[in-house]
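Order of appearance sets the numbers: ligands from 1, and atoms from 1 within every ligand. Along the sequence shown, residues carry numbers from 1. These numbers come from the heavy atoms of this one structure, side chains and all, not from hydrogens, waters or symmetry mates.
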Amino acid sequence: MLELNVTQIQMGHSAPDKQAALALLAEVLSAGGLVAPGYLVGMQAREAQGSTYLGQGIAIPHGTPQTRDQVHCTGVRLIQFPDGVDWGNGQMVYLAIAVAARSDEHLHLLQLLTRALGEGDLSQALREAREPEAIVALLQGAPQELALDSQLIGLGLAVEDFDELLWQGARLLKKAGCAEPAFANQLAQGEPLPLGNGLWWLHSDQAVLRPGLAFVTPAQALEYRDQPLRGLFCLASLGEAHRQLLERLCDLLIEGRAAAFSQATSSRSVLEALGGEVPADWPVLNIILANAHGLHARPAKMLCEVAQAFTGEVRVRLAGEPGLGVSAKSLSKLLSLGARRGQALEFSAEPAIANDALAAIEAAVQAGLGESVEPLPTQAAAPVVVPPTNAVVKLPAPVAGARIQGVAAAPGIAIGPALVRVPLCFDYPAQGQGVAAERERLNAALAQVDEDIQRLVETRAEANIREIFITHQAMLRDPALAEDVAARLLQGASAEAAWHAEIEAAAAQQEALHDALLAERAADLRDIGRRVLARLCGVEAPREPDEPYILVMDEVAPSDVASLNRERVAGILTARGGATAHSAIIARALGIPAVVGAGEAVLSLAQGTPLLLDGEHGLLRIAPNEQTLEQARHQREQGELRRQRAHAERLQPAITRDGQRLEVAANIGASAEAAAAVEAGGEGVGLLRTELVFMDHSQAPDQATQELEYRRVLDALDGRPLVVRTLDVGGDKPLPYLPMPAETNPFLGVRGIRLSLQRPDMLETQLRALLSAAAGRPLRIMFPMVYGVEEWRVARDMALRLREEILLDDLQLGIMVEVPSAALLAPVLAREVDFFSIGTNDLTQYTLAIDRDHPTLSAQADGLHPAVLRLISMTVEAAHAHGKWVGVCGELAGDMLAVPLLVGLGVDELSVSARSIALVKARVRELDYRHSQALAQQALGLESAAAVRALMEESD
Ligand code: PEP
Ligand code: MG
């Protein structure tokens, strides 16, 4: 996806005419390595087909489909022409944005630009800008319009007090995409302002996504603070968008027209009074866009011309999106939709012209809007009801006595009955037995589920889990959802069909917002949706066995694992998944034995089947005989003894039998874990995953907040070294308050140090906090995902610059080696860094090209693959040649089969979860360094991870 940043902008150029400007732009694109010189021909041809002038002094020249093969990589370059360039028809361009794109990657950029082109004219400001930063601010910072339409008005709501009314207002804003879920809390912290006549005002600018105003009234007059409560305005405020509206509201109240709100019976009258978007009762046409590259400039222009041929309003929006859409006569507004191939556009037109206008639009869109279009694949006629089905193919269950090899994900031996959790399958009629009967069934099911959840709320000790269930209850009681379901019942739907359709629609709407937090809400909605369906259909979820059980699932999400009851769950078995998936890391941290990637047949196991799971070796036994069980119990006891012995010696150093010393440190994610890590024998912290500190806050923690966290770790370490990784988000780790555009390949996208270098302000704050917190104590800072010297040097220079200000003697700067290029370049990097820490989780995924969280492939992402071992070996050799040290902080460091190899390869430090420290130390003490070296050399010459594992099992 294309983004704007200052490095792409060149200021103060001039060009005598458009052709000269195009030549200059092509040259700049080519010098940036984005296109071949032949791209200029495409840019000229494109202008010949139609001007790329966008409005407000901006043009967006680009090539044609014929010159797409001239594009090396997608990107943009911006050139400012303060004296202007005539782009034809007297349209002066002060800023030209040259786009190099193969397909529709630039749509997002167009969307951004056209949204920026709001009501005011930017051309003068673009012309007068002196710095590239000013251009970026102008293009990104245009004020957003205040949302105010019928979906933001809720009249006559069944609420009992002020708080409930406030919650309803916040809910409408959230539903309209104006606010995040946290908005309601923020709003509640504000001071309500009485406006007279029972009207109240509340606003907040926290957790706001775009400005919007909601107005809600209670069904019956209530009292609040000894005054009547007849209506509440809730403002999600962002910038100045609401100023005009607020002035208008004040005028109305002064004129004595408060009754327009306090006694309103229709949203239309409220909107008319406030000047909001009044819903039009206009004919509508839905049509799917088939243009390969979406509604980009050329087809948009043609569509605009078709609409302009009619005197009267024609509006368009993406089907299902809130709001009234945009004028189809405005090119910039059309582009701002960002419509892609396959998306449905919903046109509406004034009744007087609707017949002709919609027909003309339909014909034009179907004809391809000036482009030849591939027809869309034909869709099968949609069934009336789509019951959720069990998506997993049912394979025959493994037989008693079977031995299944999965992937070792968390050590330990678990014995217990299976609790197989697969998606429930529902079957129900589309049509109901009459509205009253269906309503009654639905209400009964809702009440039962509410009660079930209430029981969960009351029995859970953990506050965070209770909160999840309380949210589920709120969703269940959502009056808007109830209203929409009731409307479907009135149309004759069965309770199941009506409920399922509305839950799906609400969940899809949340997901469409491309926000990790809202996507989680969608999962919550589906979760309660299934609970209610199960009640309606009489389908029962399997009952938990009385004794501790082995949870069998397709795959587990990290949040599933984190919310497990450790007293009840003896072990985890999954059909899919791998050892470095974050859910496996959490299972290890919680000490729950886990085997993952055991194959789909395990999902067919009968409930209660006795299972034996060996999380150390990734082994599963189905209904094992008494002898096998006896052996396992013995093994478990031995393991327990080993653990106890290791625990007793956890504070002793890890020295091999022939005197080679290794440091064993802890991987932690929260400052509060540091003390326990030291208690567990940690000789320091070898990896502080600071993103977890960031994730704990609802907005980016400022320097003081971070300092407090880091100081707490350093205090607990009491002089032991702290290795901190700077913020590592992106890829599979989103940060809710740092929304990132969706990427096709997030693991290969803006992750780790790449993101930090795009947000140097955040990196600088973090480094300042770290240096200040250290106050003379040993601090090692490392940067994640570094792929070459350039990123390292920029980050290092920033740290060194700050160290001039915030003095610290014992500071080392290094990088994580998690990208193969960094390992291959280790001889060069080793000259400059103070240390390397090898992140084998990512190094394995990037070396073997297997997504570490891939549902079916990640089981093969084994860090003992000789290709990964070779990279580790190269890194250690290069580092030692320059007198630098190397740690390993990926999961491999805690894998008992891998420890002898890592020791043999010369690694100086192993950083593992606190739970594994004592065992890793004990393992090191059992080793002979020379023998380990020989084993390591042997392993480097092997052909596969399996062969390496076999070698290590044999030599054990
Ligand atoms: C790694 O990649 O090995 C690592 C330690 O980082 P994370 O697992 O947090 O990506
Ligand atoms: Mg990593």
Side-chain angles (χ1 to χ4, degrees), residues 409-410 558 561-562 577-589 664-670 673 677 682 684-696 722-735 746-756 780-787 791 814-823 835-854 858 861-865 867-869 871-872 875 886-895 898-899 902 907 909-914 916-917 920:
V561 183
T580 54
H582 282 112
S583 46
I585 296 178
I586 295 175
R588 261 190 299 276
V664 181
N667 288 353
I668 63 170
E673 293 169 22
V685 162
L687 168 63
L688 169 61
R689 287 184 161 102
T690 54
E691 60 277 5
L692 300 180
V693 173
F694 277 67
M695 284 172 191
D696 256 3
L722 164 63
V723 184
V724 182
R725 168 171 82 188
T726 57
L727 184 64
D728 183 21
V729 290
D732 61 333
K733 294 183 245 179
L735 202 54
F747 275 120
L748 304 184
V750 185
R751 252 197 100 181
I753 190 68
R754 299 174 187 175
L755 182 71
S756 295
R780 285 92 184 85
I781 298 175
M782 60 185 182
F783 304 104
M785 272 287 288
V786 170
Y787 84 97
E791 293 172 315
I815 63 163
M816 288 195 70
V817 175
E818 19 184 22
V819 181
S821 60
F835 68 96
F836 290 126
S837 181
I838 305 178
T840 48
N841 306 338
D842 278 317
L843 186 61
T844 306
Q845 88 163 335
Y846 292 125
T847 304
L848 304 183
I850 296 179
D851 178 346
R852 60 195 269 184
D853 287 317
H854 192 282
S858 57
D862 189 338
L864 281 188
H865 195 287
V868 181
L869 296 179
L871 291 173
I872 297 176
T875 308
V886 182
V888 172
C889 62
E891 292 307 304
L892 202 64
D895 180 335
V899 170
L902 297 176
V907 166
E909 179 232 41
L910 296 173
S911 191
V912 297
S913 76
S916 305
I917 292 172
V920 168

Quick check against the 3.5 Å criterion: does Asn841 have a side-chain atom that pairs as donor or acceptor with the backbone of Glu891? yes
Once ring-ring contact (aromatic ring centres under 6.0 Å, His included) is applied, do any residues pair with Phe835, and if so which ones, sequence neighbours excluded? Trp885
What atoms of ligand 1 come closer than 4.0 angstrom to any heavy atom of Leu687? 5 (C)
If only atom types and distance count, is the side chain of Arg689 paired as donor or acceptor with the main-chain N or O of Asn667 below 3.5 Å? no
At a cut-off of 2.8 Å, what protein N/O/S atoms sit near the Mg ion (ligand 2)? Glu818 OE1, Asp842 OD2
Do any N/O atoms on Asn841 end up under 3.5 angstrom from N/O atoms on ligand 1? yes
Could you tell me whether a side-chain N or O of Tyr846 sits under 3.5 Å from a main-chain N or O of Phe747, the two making a donor and an acceptor? yes
Any donor-acceptor N/O pair, Thr844 side chain to Ala861 backbone, under 3.5 Å: no
Main chain of Ala666, side chain of Ser911: is a donor-acceptor contact present, judged purely on distance under 3.5 Å? yes
Answer whether the closest heavy-atom distance between the side chains of Thr690 and Asp728 falls below 4.5 Å. no
I'd like to know if the side chain of Gln845 and the backbone of Arg852 have a donor-acceptor N/O pair within less than 3.5 Å. yes
What atoms of ligand 1 come closer than 4.0 angstrom to any heavy atom of Arg689? 4 (C), 5 (C), 6 (O), 7 (P), 8 (O), 9 (O)
Would you mind running through ligand 1 and noting each atom that sits below 4.0 Å from a heavy atom of Arg852? 2 (O), 7 (P), 8 (O), 10 (O)
Less than 4.0 Å is my threshold; does some heavy atom of Arg725 fall inside it relative to ligand 1? yes
